[in-house]
Trainee: 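A single structure is presented below for examination.
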Amino acid sequence: MKKIKIIYWIFTGILVALMVLGSIPDIMSVPDAVALFNHLGYPTYLLPFIGIAKLLGVVAILIPGFPRIKEWAYAGFVFDLTGAMYSSISVGDPASGWLLFIIGYILIAGSYIYHHKILNSAISSTLSNKDSLTI
């Protein structure tokens, strides 16, 4: 169980760091973020919305409990990354930029998979403790 938690926190820590670092320029509408949005053809009023959504997703993943909200946070990160990758491909950005998206998908998948391993392990230990108490 300890190994699973360590791996979970490695994936989750890097994912959270990247999402927070990506959300701050969006929320503040930093000129580089505005330039990227203009390059992709999106209106800049979406920047703060996407940034706040990323921050809320980070909070949902880090706060214990609320399993349904956590699922939606992971889904939101996949939607965000998929939309960003599709937009990048659509405007003809080079394939060399896809590496960042692939790393993002790996981090999301790793955090999600190990989150469920921790949940399944907790359920298994609860059930085994319950069985030993009833005997």
Trainee: On a heavy-atom basis, which atom in G104 and which in L81 lie closest, and how many Å separate them?
Mentor: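 Answer, listing the atom of G104 first, then L81: C-CD2, 3.5 Å.
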Trainee: Rounded at 0.5 Å granularity, tell me how far CD1 in I61 sits from OH in Y74.
Mentor: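 So the CD1 of I61 and the OH of Y74 are separated by 4.5 Å.
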Trainee: Can you name the nearest heavy-atom pair linking A73 to A60, along with the distance?
Mentor: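 Scanning both residues, the minimum pair turns out to be CB-CB, 3.9 Å.
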Trainee: Would you give the length of the straight line joining atom CG of D80 to atom OG1 of T82, rounded to the nearest 0.5 angstrom?
Mentor: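 D80 CG to T82 OG1: 8.5 Å, rounded to 0.5 Å.
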Trainee: Using every non-hydrogen atom in the two residues, find where G51 and D26 come nearest and quote the distance to one decimal.
Mentor: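 Here G51 and D26 meet closest at CA-CB, 3.7 Å.
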Trainee: How long is the span from the CG atom in L100 to the CG atom in L18, to the nearest 0.5 Å?
Mentor: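 These two atoms lie 9.0 Å from each other.
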Trainee: Looking at M28, I want to see if its CE is surrounded by more than 12 non-hydrogen atoms of other residues, nucleotides or ligands under 6.0 Å.
Mentor: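 No, not enclosed.
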Trainee: Rounded to the nearest 0.5 Å, how far does CE of M19 lie from CD1 of I14?
Mentor: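 Here the interatomic distance stands at 13.0 Å.
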Trainee: Counting N and O atoms only, with roles assigned by atom type, does the side chain of S87 sit under 3.5 Å from a partner on the main chain of G83, one being a donor and the other an acceptor?
Mentor: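 Yes, because the side chain of S87 sits within donor-acceptor range (under 3.5 Å) of the backbone of G83.
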Trainee: For the pair E71 and H116, evaluate side-chain hydrogen bond (donor to acceptor under 3.5 Å, both in side chains) and give the outcome as yes or no after the intermediate values.
Mentor: CA-CA 10 Å; E71 293 289 326; H116 280 277; 2.7 Å; yes
Trainee: Please answer whether the main-chain N or O of K117 pairs with a side-chain N or O of S121 as donor and acceptor at a distance below 3.5 Å.
Mentor: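 No: the side chain of S121 does not pair with the backbone of K117.
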Trainee: Please name the pair of heavy atoms, one in L40 and one in D93, separated by the smallest distance, quoted to 0.1 Å.
Mentor: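 Scanning both residues completely, I find the closest heavy atoms to be CD2-OD2, 4.4 Å.
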Trainee: What are the two closest non-hydrogen atoms of S111 and T12, and how far apart are they?
Mentor: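 Looking at all heavy atoms of both residues, the shortest contact is OG-OG1, 2.7 Å.
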Trainee: Which heavy-atom pair separates G65 from K70 by the least distance, and what is that distance?
Mentor: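 The pair with the smallest heavy-atom distance is O-CE, 3.4 Å.
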Trainee: I need the I50 CD1 to L55 CG distance, nearest 0.5 Å.
Mentor: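 If we round to the nearest 0.5 Å, I50:CD1 and L55:CG are 12.5 Å apart.
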Trainee: So, taking the atom named CG in L119 and the one named OH in Y114, what distance separates them when rounded to the nearest 0.5 Å?
Mentor: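 Result: 14.5 Å between the selected atoms.
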